[in-house]
Novice: 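This is the structure, below, for whatever I ask next.
Everything quoted here is computed from the prediction, not taken from an experiment.
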Amino acid sequence: MHAWPCHWIKRGWFAMKKVQMGSLAVGVLVTVATATSVAAQSPPSPTLNTLEVERLASSNTPEAHARLGAHFAALAEQYASQARRHTSMSKRFLGNPSRNLGAGTSAHCRRLAELNTRSAETLGKLAAHHNALAAGAPSVSPPDSARFEMGAGAPAPTEEQLDALAATAGTPAEHGRLARYFLDARQPLFQRRDSHARMARAYRALPRGASAAAPHCDRLVSRLREAAKEASGAAALHRALADTVR
């Protein structure tokens, strides 16, 4: 899960406060267009973010299945590309002068290539499954595909996309997705906070000159702690809103 910076968490929190005070508009997540004219002329990326995947996977419309089919097909190609890259790296490391290092790294890359290939195959089948459903044909989800329908492999939503969802969320499901997202966002913040706290202690154990770095880590710890607190507050707010709009 992506670790959102403190300033973003705060901005999202204040946006949600505004939603809480105003009337709730029932809507869907809107992908914000880019400001440049070149980007505006380009076709939208078929790859969805994690929240979009979860939202569409809970729908059962031809349009939702078509979007998911395009997303999973694009994701399959990404995994296939990674598999090719790791296969190439595996072959190159076999020629490393250090036999032990080269052989070990080559085996690691080969294993990654196998995992990526397997994921690409599953995603290809999942894309075909949703394309069939979009066309009105019966179809069954392929094995080991549930994790991808829950957003695995998809990018995190951008700040603009999260702001749009917070501004338009008006159903328990939409608020529930946001609550889960912010709860998940806390974990990497906790991990980074603890990591910098350990670094601060380590710096203080060093000679005086090196220990000057400890206050920098202390500041990061404070910011990460505040960001985690904001994420917790945002999650609590959306849980409350989910109950309010039932």
Side-chain angles (χ1 to χ4, degrees), residues 1-4 12 26-36 38-86 112-171 173-185 188 238:
M1 181 63 64
H2 183 77
W4 296 104
V26 178
V28 297
L29 176 62
V30 178
T31 303
V32 178
T34 57
T36 62
V38 174
Q41 295 171 2
S42 302
S45 170
T47 304
L48 304 167
N49 65 54
T50 53
L51 288 174
E52 290 175 317
V53 172
E54 187 179 355
R55 176 178 64 82
L56 291 173
S58 66
S59 304
N60 190 26
T61 65
E63 294 79 13
H65 289 303
R67 289 288 287 119
L68 288 169
H71 165 74
F72 291 128
L75 210 56
E77 178 51 39
Q78 291 179 21
Y79 275 92
S81 176
Q82 292 177 25
R84 291 190 293 270
R85 181 168 62 88
H86 283 114
L112 290 177
E114 292 171 355
L115 292 173
N116 287 327
T117 298
R118 194 178 308 161
S119 292
E121 292 172 350
T122 299
L123 285 162
K125 295 175 182 177
L126 190 56
H129 164 66
H130 281 283
N131 288 334
L133 293 177
S139 183
V140 178
S141 297
D144 195 32
S145 63
R147 60 192 178 99
F148 292 114
E149 293 198 304
M150 294 176 65
T158 65
E159 296 181 24
E160 291 81 3
Q161 290 168 337
L162 279 169
D163 286 344
L165 182 55
T168 60
T171 67
E174 289 168 338
H175 286 296
R177 279 191 289 271
L178 280 167
R180 290 191 297 274
Y181 181 85
F182 284 111
L183 285 175
D184 290 341
H238 281 288

Novice: Taking the side chain as everything from C-beta on, heavy atoms only, tell me whether His65 gets closer than 4.5 Å to Asn60.
Specialist: yes
Novice: Of all residues at least two apart in sequence or in a different chain, which pass the salt bridge (Lys or Arg N to Asp or Glu O under 4.0 Å) check with Arg147?
Specialist: Asp144
Novice: What pairs of residues pass the salt bridge (Lys or Arg N to Asp or Glu O under 4.0 Å) test when at least one of them lies in residues 70-82, not counting sequence neighbours?
Specialist: Glu77-Arg84
Novice: Taking only residues two or more places apart in sequence or in another chain, which ones pass side-chain hydrogen bond (donor to acceptor under 3.5 Å, both in side chains) with Asn116?
Specialist: His86
Novice: Listed by chain and number, what are the side-chain contact (heavy atoms from CB on, under 4.5 Å) partners of Ala128, not counting sequence neighbours?
Specialist: none
Novice: Identify the heavy atoms of Pro155 and Thr47 that sit nearest to each other, and give their distance.
Specialist: CD-CG2, 3.7 Å
Novice: What distance separates Tyr181 OH from Leu162 CG, expressed to the nearest 0.5 Å?
Specialist: 5.0 Å
Novice: State which residues pass salt bridge (Lys or Arg N to Asp or Glu O under 4.0 Å) with Glu54; sequence neighbours excluded, sorted by chain then number.
Specialist: Arg180
Novice: So which atom in Ala80 and which in Ala120 form the shortest heavy-atom distance, rounded to 0.1 Å?
Specialist: N-CB, 3.8 Å
Novice: Supply the atom-to-atom distance Thr117 OG1 to Gln82 CD, rounded to the nearest 0.5 angstrom.
Specialist: 10.5 Å
Novice: Got a sec, which residues hit side-chain contact (heavy atoms from CB on, under 4.5 Å) with Leu56, two or more places apart in sequence or on another chain?
Specialist: Leu48, Ala64, Arg67, Leu68
Novice: Restricting to ring-ring contact (aromatic ring centres under 6.0 Å, His included), what partner residues turn up for His71, sequence neighbours left out?
Specialist: none
Novice: Arg85: what forms a salt bridge (Lys or Arg N to Asp or Glu O under 4.0 Å) with it, not counting sequence neighbours?
Specialist: none
Novice: Working to the nearest 0.5 angstrom, can you tell me the gap between Asn49 CG and Gln161 CD?
Specialist: 4.5 Å
Novice: Looking at Phe148 and Phe72, what are the two nearest heavy atoms and their distance?
Specialist: O-CE2, 3.5 Å
Novice: Check Leu123 against Ala76 and note the closest heavy-atom contact, atom names and distance.
Specialist: CB-CB, 3.6 Å
Novice: With salt bridge (Lys or Arg N to Asp or Glu O under 4.0 Å) as the rule and sequence neighbours excluded, what pairs involving residues 56-66 come up?
Specialist: none
Novice: Could you list the donor-acceptor pairs under 3.5 angstrom formed between side-chain atoms of residues 132-143 and any protein atom two or more places apart in sequence or on another chain?
Specialist:
from: Ser139; atom 1: OG; to: His129; atom 2: ND1; distance (Å): 2.7
from: Ser141; atom 1: OG; to: His129; atom 2: NE2; distance (Å): 3.2

Novice: If you compare all heavy atoms of Ala166 against all heavy atoms of Leu178, which two are closest, and at what distance to 0.1 Å?
Specialist: CA-CD1, 4.0 Å
Novice: Please, which pairs that meet salt bridge (Lys or Arg N to Asp or Glu O under 4.0 Å) have at least one residue in residues 121-141, sequence neighbours excluded?
Specialist: none
Novice: If you look at every heavy atom in Leu75 and Gly153, which pair is closest and at what distance?
Specialist: CD1-O, 3.4 Å
Novice: Kindly write out the residues that satisfy salt bridge (Lys or Arg N to Asp or Glu O under 4.0 Å) with Glu114, not counting sequence neighbours, or none if the list is empty.
Specialist: Arg111
Novice: Rounded to the nearest 0.5 Å, what separates atom CD in Glu149 from atom OG in Ser58?
Specialist: 10.5 Å
